[in-house]
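Keep in mind that the numbers below use all heavy atoms, side chains included, and drop hydrogens, waters and symmetry copies.
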Amino acid sequence: MNNNILENEINITEIIKEVEIQKKENIIDKINNFLDVNNFEYAKRLAEELIKKEPQYKEAYLVLSDIYYEEENYKAVIDILNKGLNYINNDKDLLENKIEALTSLYKYEDAKTVINSLINLGNADSSIYGQYGVILSMEGKYKEALEQYKKAISLNYSDIASMINMSITYKAMYLYDDAINILERALTVKKDNNILSRINDIKSIKEKSNFYAGRLIPIQANPDRFNLLVPENFNAKIENGILKIENENNSISIMISYENLKENLKNEEINNIFNDFKTKCGEIYSIVSPMSIENRKEYNDIFASTIFTSKIKNNYTFNAMAMAIKNKESIILTLSSTVYISGYLISFAKNIINSLYFK
C-alpha cells in the first residue's frame, strides 16, 4: 500500500519536473505516446501539469479534452474546454470540441448556442454547419437540417461527411431518390465502399417500397352513409361485419367498420380505441402523424386520425387509423401495410383517411 502511494508521489514529481524542463511541443508528443500504449492516467497527469505551466497553450486543452472524450466523460470535456476558453477567448477549435461534448450529453440547445456564436463571429466553416445539421436532424427538424447541410457543402464541395449525413436525413424523410443522389455526388469526390453500400441499401429499400394503386374512387358501401376514396384495383370483401379492401398480394389492407352509438364518444373514449389499435400492431417504432382529434365544421363531425409504424419481433408494419363520429354514428378505418414506408405510401394513406366523412 505504502509502496503504491510512494510510487504515485514519485510519478507526480517526475511529471512536474518533466513539464518544467521540456518544451511544450515535446510534452504533447509524450502525451500522445502514452495514449498509444493506453496509459491514460499518466497522459492526463502530463496534460494537467502542462496546462498549469502554459494556461494559454491550446493544444494542452485539446489533448486533455480528447482523453476525457475517449473515456466518455463529457462533463469533464466541457469543464476543461471552458477553462481553456477563459484564457483563449472564442477559440474555434475549443468551441468545436465543446459542441461535440454538448451534443453527446443531448444538450442540443446549448450546442446550438455555441454554433450560433461561431457563426456570428464569422468563424464557421463547413464542419460547423455540418454539426448544426446533425443536431437539427437528431431533434427531428429534418427540413432545417437539410438547409444546414446545404450550407456546409456550399462552403466545401468535398464535405463527404455532410453529404452522408444529408442522405441519412433524406432517408428518415423517406425521400429515397434524394438520398441516393447526394450519395452518388459523394462518390464522385471519393470512391468509397461505405458510400457504395449505403447507396445499395437505399436502392433496396426503395424497391421494396414500390406498390401499385389505381386511381382512388368513391366506395360503394351499404349502408350508403359515408364517403371514402379507395383504389379501384383493390379487392373488397366482408369478414365478420367488417369491410376489408386489399391489394392483390395483401400487402396493403384497409378495413372499415360502421357502428351506431348509444351516445357520442368522449375524447378519452376515442383515445382508448386508438390505443387498443396501436397495442394490436405491436411495439411503436415511429410516429409519422401524431394522433389528433378535431371538430370538422365542413362535415359537422368529430374526426380523429394517426399514422405510425410498428414492429413485432423484426417485422415492421405501416399503420394508419381514422375515425369519424356524427349523430351517434361512427366509422372506424384502419390501414395496415407491410410495404416499406415511403413518401408515396404516406401520401396514399393520408388521401384515403382524409376522404372519410359522413354524407
Side-chain angles (χ1 to χ4, degrees), residues 23-25 27-29 31-32 35 43-44 47-48 50-170 182 185-186 188-190:
K23 290 183 178 180
K24 56 190 179 185
E25 293 83 5
I27 297 298
I28 292 294
D29 289 339
I31 291 171
N32 287 323
L35 292 177
K44 276 194 286 188
E48 287 164 355
L50 181 56
I51 287 171
K52 289 178 185 177
K53 181 188 176 188
E54 302 279 355
Q56 292 185 323
Y57 185 42
K58 177 173 67 176
E59 294 304 320
Y61 294 103
L62 290 175
V63 73
L64 185 53
S65 69
D66 284 345
I67 295 170
Y68 286 135
Y69 205 95
E70 189 71 23
E71 294 175 336
E72 298 183 0
N73 188 351
Y74 305 122
K75 185 181 182 302
V77 173
I78 294 167
D79 289 342
I80 197 64
L81 291 172
N82 283 338
K83 183 176 180 180
L85 288 164
N86 288 332
Y87 290 96
I88 317 164
N89 192 35
N90 292 327
D91 182 81
K92 179 177 178 294
D93 295 325
L94 297 180
L95 288 171
E96 277 198 57
N97 280 23
K98 185 176 177 180
I99 292 165
E100 289 185 18
L102 287 168
T103 303
S104 297
L105 288 172
Y106 309 105
K107 295 185 175 182
Y108 299 138
E109 290 304 317
D110 291 341
K112 287 189 286 187
T113 298
V114 178
I115 289 173
N116 283 318
S117 69
L118 278 169
I119 293 172
N120 292 334
L121 288 166
N123 215 359
D125 57 16
S126 64
S127 67
I128 297 297
Y129 288 106
Q131 282 181 305
Y132 207 167
V134 169
I135 292 169
L136 289 167
S137 187
M138 292 171 76
E139 291 180 316
K141 299 174 181 177
Y142 298 134
K143 290 183 180 179
E144 294 176 47
L146 291 175
E147 291 304 313
Q148 298 304 322
Y149 291 136
K150 288 174 183 176
K151 287 179 185 178
I153 296 167
S154 71
L155 291 172
N156 179 6
Y157 294 137
S158 300
D159 188 352
I160 290 177
S162 287
M163 294 178 194
I164 290 174
N165 287 328
M166 197 174 185
S167 75
I168 293 170
T169 300
Y170 277 133
I182 194 65
R185 178 175 172 180
T188 64
V189 177
K190 182 183 179 182

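One distance of note links CD1 of Ile78 with CG of Asn97; it measures 11.0 Å at 0.5 Å rounding. Within the model, atoms CG of Leu121 and CG of Asn116 stand 11.0 Å from one another, a figure rounded to the nearest 0.5 Å. Expressed to the nearest 0.5 Å, how far OG of Ser162 lies from CD of Gln148 amounts to 10.0 Å. To the nearest 0.5 angstrom, Leu118 atom CG is 9.5 Å from Asp91 atom CG. Note that the CD1 atom of Ile182 and the CD1 atom of Ile160 stand 11.0 Å from one another [nearest 0.5 Å]. Rounding to the nearest 0.5 Å gives a distance of 11.5 Å between CG of Leu81 and NZ of Lys58.
Here Tyr69 pairs with Ser104 under the side-chain hydrogen bond (donor to acceptor under 3.5 Å, both in side chains) rule; sequence neighbours left out. Evaluation of the side chain to side chain contact (heavy atoms under 4.5 Å, CB included) rule for Ile51 yields Ala60, Tyr61, Leu64, Ile80, Lys83 as partners, not counting sequence neighbours. By the side-chain hydrogen bond (donor to acceptor under 3.5 Å, both in side chains) test, Ser154 pairs with no residue at all, sequence neighbours left out. Remark: Val63 pairs with Ile28, Ile31, Asn32, Leu35, Ala47 by the side chain to side chain contact (heavy atoms under 4.5 Å, CB included) rule, at least two apart or across chains. Tyr142 pairs by the ring-ring contact (aromatic ring centres under 6.0 Å, His included) definition with nothing, not counting sequence neighbours. Residues passing the side chain to side chain contact (heavy atoms under 4.5 Å, CB included) test with Asp110 are Leu102, Lys107, sequence neighbours excluded. Taking Glu71 as the reference, Lys44 meet the salt bridge (charged side-chain N to carboxylate O under 4.0 Å, His left out) condition, with sequence neighbours excluded. Residues meeting the side-chain hydrogen bond (donor to acceptor under 3.5 Å, both in side chains) test with Asn82, sequence neighbours left out: Lys98. Residues passing the ring-ring contact (aromatic ring centres under 6.0 Å, His included) test with Tyr68, sequence neighbours excluded: none.
Here the shortest heavy-atom pairing between Tyr157 and Met163 reads O-CE, 3.0 Å. Closest of all the heavy-atom pairs between Gln131 and Ile115 is C-CD1, 4.3 Å. Here the shortest heavy-atom pairing between Thr169 and Ser137 reads OG1-OG, 3.1 Å. Residues Ser127 and Glu96 come closest through the heavy atom pair OG-OE1, 3.2 Å. Looking at every heavy atom in both residues, Asp159 comes nearest to Ala152 through OD2-CB, 3.7 Å. Looking at every heavy atom in both residues, Asn123 comes nearest to Asn90 through ND2-O, 4.1 Å.
Legend: ring-ring contact (aromatic ring centres under 6.0 Å, His included) pairs involving residues 110-141, not counting sequence neighbours: none detected. For residues 126-136, the set of pairs meeting the salt bridge (Lys or Arg N to Asp or Glu O under 4.0 Å) definition, not counting sequence neighbours, is empty. Sorted by first and then second residue, the ring-ring contact (aromatic ring centres under 6.0 Å, His included) pairs involving residues 85-110 (not counting sequence neighbours) form an empty list.
With contacts defined as side-chain heavy-atom distances shorter than 4.5 Å, the pair Glu139/Lys112 qualifies. Two residues are said to be in side-chain contact when any heavy atoms from C-beta on lie closer than 4.5 Å; Leu85 and Leu95 meet this criterion.
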**Prompt:** Taking it one step at a time, do Met138 and Thr103 satisfy side-chain contact (heavy atoms from CB on, under 4.5 Å)?
**Reply:** CA-CA 10 Å; Met138 292 171 76; Thr103 303; 4.2 Å; yes
**Stepwise side-chain contact (heavy atoms from CB on, under 4.5 Å) check, Ile27 with Lys53** = CA-CA 11 Å; Ile27 297 298; Lys53 181 188 176 188; over 6 Å; no
**Request:** Please report the C-alpha distance between Tyr57 and Ile88 in whole Å, then the side-chain angles of each, then the deciding distance to 0.1 Å, and finally whether the side-chain contact (heavy atoms from CB on, under 4.5 Å) criterion is met.
**Result:** CA-CA 8 Å; Tyr57 185 42; Ile88 317 164; over 6 Å; no
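Checked by atom type and distance alone, the side chain of Ser167 pairs as donor or acceptor with a backbone atom of Ile164 at under 3.5 Å.
Using a 4.0 Å cut-off between charged side-chain N and carboxylate O, Lys143 and Glu147 make no salt bridge.
Environment of CD in Glu70: sparse, with no more than 12 heavy atoms of neighbouring residues, nucleotides or ligands closer than 6.0 Å.
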